[in-house]
Amino acid sequence: MDHLGFLFAANVFVWGGILLYIFTLKKRQQALRKDLELLKASLNKDSES
Amino acid sequence: MLRALDGVSFDLSPGAFLTIFGANGAGKTTLLNILSGLTRPTSGTAIVAGHDATRGDPHLMKKIGVISHASCLYADLSPLENLVFYARMYGLEDPEDTAVKAIERVGLKARIHDRVRTFSRGMLQRLSIARATLHDPEVLFLDEPFTGLDPRASSQLKEYLRALHTGHRTILMTTHDISCGLEMSDRVAVQVKGRFAFLEHIDNVEKNGFEKMYLEMMG
Amino acid sequence: MRQYLNQVTAIIWKDFAVELKTRELFSTMFVFAVLVILIFVFTVDLSIVNVNEVGPGILWVAFLFSGTIGLNRSFMLEKENGCLQGLMLTPIDRTALYFGKMLSNLAFLLIMEALLLPLFMVFFNVDLFRNLGSLLLVILIGTVGFCALGTLLSSLAGHLKTRDIMLPILLYPLIVPIAIGAVRMTSKVLMGEPLSEMWNWVGLTLSFDIIYIGVSIMTIDHVLEE
Amino acid sequence: MNEETSAPEESGHVLFWLTCAGLATALWAIFLFVPTEKTEGAVQRIMYFHIPSAWLAFFAFFIVFVSSILFLWKKDREWDIYAQSSAEIGVVFCSLVLITGPIWAKPIWGAWWVWDARLTSTLILWLIYVAYLMLRGHVESGSARARYAAVVGIAGFLDIPLIHFSVLWWRTFHPKPKIISAEGLGTGMDTTMLVTLLLSLGAFTLLYFLLLGQRIEIEKTKDEIDHLKKERLYSH
């Protein structure tokens with residue numbers, strides 16, 4: 001009657017989903033930061049030359 | 001913020017003919033869209049024929065006419081039906097009569113009941129002029145009017161534009177065609193990357209020198 | 001005010017003039033609607049279900065699907081040759097533009113529905129005349145809601161490259177209340193129930209109509225800006 | 001530059017630890033504090049994060065609605081960023097609701113999916129906001145994207161009550177499934193259950209703001225990159 005499997009599955013989905021979302025957010029942010037740094041560096045080089 | 005236009009500022013007295021040169025993407029169309037009230041700029045003011053163009057004021061629309069590479073005509077309707085429709089949109093008295101007269105003026109009377117879809121580029125452009133001047137606007141905006149016209153059609157277009165200009169309309173035109181622009185206008189400007197890089201009265205411009213300078217600006 | 005009405009009627013007149021010449025939109029919509037009904041006849045076993053329950057659903061699916069085609073087509077007409085820009089350069093209030101297009105879409109869809117109803121009667125052997133007045137009213141308020149929202153969204157999706165697919169994706173979830181309400185009401189009317197028995201549905205559909213006409217009036221300016 | 005960013009970063013840290021603490025407390029309450037419900041058994045514990053997820057999604061869509069109105073009014077990119085970020089978070093949690101709902105329904109109702117009013121409305125809501133995000137992906141020009149999205153953000157939210165009633169009446173002829181409904185919140189409930197639910201609701205609300213902050217930052221970085229790219233284009 002307790003259906004612990006279902007409770008477990010629901011937990012996996014909820015917390016897994018939230019963590020996955022946070023993880024993708026972090027990834028996206030890191031990738032963008034890197035792009036930004038590269039861009040800034042190339043801009044600085046341009047203005048120097 | 002990305003800016004398509006930056007620090008463009010100019011005054012045009014009534015009856016002037018200004019031509020703006022510039023490469024694709026220099027912001028010429030954006031400028032015309034703002035002046036004709038189609039695009040609202042994020043900042044800045046534009047007073048056209050006494051109305052604030054940045055407000056989307058319907059009264060402004062009665063005083064301006066726009067001719068662009070798009071003909072703005074319904075391909076499946078006849079010239080008459082098209083212009084009667086536009087005359088009604090402008091709220092003109094006697095739309096039928098006004099439309100017929102406008103079509104006569106651009107010499108398309110013979111094809112008045114044909115479908116616009118069957119028209120050549122030159123005929124479309126003429127009908128487009130009839131459409132844009134149906135309500136007798138004070139100010140005309142021309143966005144690359146010579147694109148895609150054969151020499152005969154383009155010399156005809158020049159004639160119409162001269163006639164419109166001598167009717168004391170203010171005209172603002174953008175084009176790539178240097179000789180055409182210099183020949184027609186009494187003021188020229190060069191737009192580069194959203195800014196006016198050059199703005200002079202035609203008397204101070206020497207053709208060969210201008211061409212060289214223009215090409216330099218284009219890089 | 002007179003000028004406003006004049007502009008609205010001019011747009012409707014223009015849409016009809018184009019349609020009379022090309023006869024594209026109407027034939028497409030009608031044939032498509034008949035095909036939708038046909039597909040349902042083949043896929044749903046009508047011998048085991050009550051036609052009065054399923055029929056209205058099929059009818060409305062046909063209305064909504066062919067209506068979507070009409071909306072797409074109607075906006076494409078304005079995009080060809082940059083006509084929409086030409087319209088915006090005339091001294092027209094954006095809401096007049098909206099009402100003109102909305103009413104012409106509505107007129108086309110209503111005519112198509114009027115032609116489809118007799119076919120529906122024959123195919124499904126339903127008696128439409130028992131409650132004709134209520135039936136027409138129910139169809140009218142449902143179609144108004146569809147066109148009110150559909151015109152707004154088609155003028156929005158019309159600027160996209162993927163307009164053919166984006167319009168239904170945006171439109172269908174939002175018209176769920178209309179889809180449910182119109183089908184329920186049509187089914188009840190066909191079973192002989194008077195309108196007074198379904199005020200909740202009539203009220204819901206009317207609120208939908210009013211809300212989305214209101215939203216369109218408030219936002220059409222932002223949708224049509226270049 | 002560093003001095004400017006230090007203040008929001010600090011408040012971000014506070015929010016982060018607060019959210020962690022909130023979630024930890026909620027988890028403790030859900031699994032250790034609250035007693036097992038008699039009729040439904042342990043599965044009922046799903047409700048303690050199912051309902052907060054639904055609340056969070058709904059709240060996020062409400063923020064989309066408000067931001068969309070403010071955007072059309074002020075034409076400030078800031079509001080567009082809020083709307084977009086909030087819509088994405090709303091869709092994520094709406095998806096979680098749609099996943100946990102059937103997992104709960106299977107042992108209790110005996111079927112994964114029942115066309116119950118609340119489940120159906122949630123599905124439609126999910127579709128509306130997925131369409132919203134798709135629309136954003138399909139418009140090239142930034143200003144048009146923001147305007148179109150705002151119109152859909154407003155139209156979508158105003159549809160919610162209409163959808164709710166239509167779906168509710170749609171099913172009137174069928175037996176109404178027994179669920180823990182919002183109306184029943186607190187009435188048929190034990191105090192410990194109510195406390196647990198409220199704790200969880202609070203923790204999820206904090207989580208929303210934490211995620212929103214992260215999402216907004218991503219969008220702002222993107223803007224900065226676009227800006228620099230444009231600048232480089234001009235400088236050449």
Side-chain angles (χ1 to χ4, degrees), chain C residues 53 57 142 145 148-150 152-153 155-185 187-188 198-216 218-226, chain D residues 61 65 68-75 79-80 91 94 115 117 120-173:
Chain C
E53 289 256 14
L149 182 59
L152 177 72
L153 291 180
S155 53
L156 187 150
H159 294 288
L160 313 179
K161 273 190 208 133
T162 47
R163 69 174 91 85
D164 298 341
I165 187 65
M166 266 328 271
L167 177 62
I169 286 180
L170 288 170
L171 185 57
Y172 291 164
L174 288 172
I175 56 163
V176 162
I178 287 279
I180 298 179
V183 171
R184 275 289 127 137
M185 285 190 291
S187 149
K188 286 180 180 208
M198 49 186 112
W199 276 125
N200 56 346
W201 285 116
V202 175
L204 184 87
T205 314
L206 281 176
S207 339
F208 186 97
D209 297 358
I210 293 166
I211 287 176
Y212 283 106
I213 290 176
V215 168
S216 304
M218 308 289 266
T219 59
I220 195 74
D221 224 22
H222 304 287
V223 172
L224 290 177
E225 192 185 311
E226 283 281 306
Chain D
F61 296 148
F65 174 63
S68 299
I69 292 178
L70 285 168
F71 174 78
L72 288 186
W73 185 22
K74 305 266 187 201
K75 285 284 163 74
W79 293 113
D80 182 41
V91 167
C94 206
W115 288 98
T120 313
S121 324
T122 313
L123 178 64
I124 299 167
L125 211 60
W126 185 82
L127 284 167
I128 291 176
Y129 286 91
V130 167
Y132 171 93
L133 291 178
M134 279 176 80
L135 175 72
R136 295 198 74 105
H138 284 245
V139 194
E140 284 118 49
S141 136
S143 124
R145 183 191 308 133
R147 280 183 283 117
Y148 298 170
V151 171
V152 175
I154 293 169
F157 193 79
L158 289 176
D159 214 15
I160 291 176
L162 298 170
I163 291 173
H164 175 76
F165 284 114
S166 63
V167 172
L168 203 67
W169 296 336
W170 174 52
R171 288 270 119 165
T172 36
F173 294 119

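Throughout, a chain's letter reflects where its sequence line sits, starting with A, and its residues are numbered from 1. Every heavy atom of this structure was used, including side-chain atoms; hydrogens, water molecules and symmetry mates were not.
Rounding to the nearest 0.5 Å gives a distance of 4.5 Å between OG1 of C/Thr162 and NE2 of D/His138. Taking CG of D/Leu135 as the start and CG of C/Leu160 as the end, the distance is 6.0 Å to the nearest 0.5 Å. For the atom pair OG of D/Ser166 and CG of C/Asn200, the computed distance is 11.0 Å after rounding to the nearest 0.5 Å.
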I'd like a table of donor-acceptor pairs (distance under 3.5 Å, sequence neighbours excluded) in which one partner is a side-chain atom from residues 143-162 of chain D, with atom names and distances.
residue  : atom : partner  : partner atom : Å
D/Ser143 : OG   : D/Arg147 : NH2          : 3.2
D/Arg145 : NE   : D/Arg136 : O            : 3.3
D/Arg145 : NE   : D/Val139 : O            : 3.4
D/Arg145 : NH2  : D/Glu140 : O            : 3.3
D/Arg147 : NH1  : C/His222 : O            : 2.4
D/Arg147 : NH1  : C/Glu225 : O            : 3.3
D/Asp159 : OD1  : C/Tyr212 : OH           : 3.4

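Using a 4.5 Å heavy-atom threshold, the side chains of D/Trp170 and C/Arg184 count as touching. Annotation: side chain of C/Leu204 is in contact with side chain of D/Trp169 (closest heavy-atom distance under 4.5 Å).
The greatest number of non-hydrogen atom pairs below 4.5 Å with chain D, out of C/Ser216, C/Pro177, C/Ala157, is found for C/Pro177. Top candidate by heavy-atom pairs under 4.5 Å with chain D, chosen from C/Thr219, C/Ile180, C/Ile220, C/Asp221, is C/Ile180.
Looking at C/Ile169, the atoms closer than 4.5 Å to chain D (heavy atoms on both sides) sit in the backbone and in the side chain alike. Looking at C/Val215, the atoms closer than 4.5 Å to chain D (heavy atoms on both sides) all sit in the side chain, from C-beta outward. Using a 4.5 Å cut-off between heavy atoms, C/Leu152 contacts chain D through its side chain alone, with no backbone atom that close.
For D/Phe65, the CZ atom counts as densely surrounded, since its 6.0 Å shell holds more than 12 non-hydrogen atoms of other residues, nucleotides or ligands.
The two residues D/Leu127 and C/Pro173 have their closest heavy-atom pair at CB-CB, 4.0 Å.
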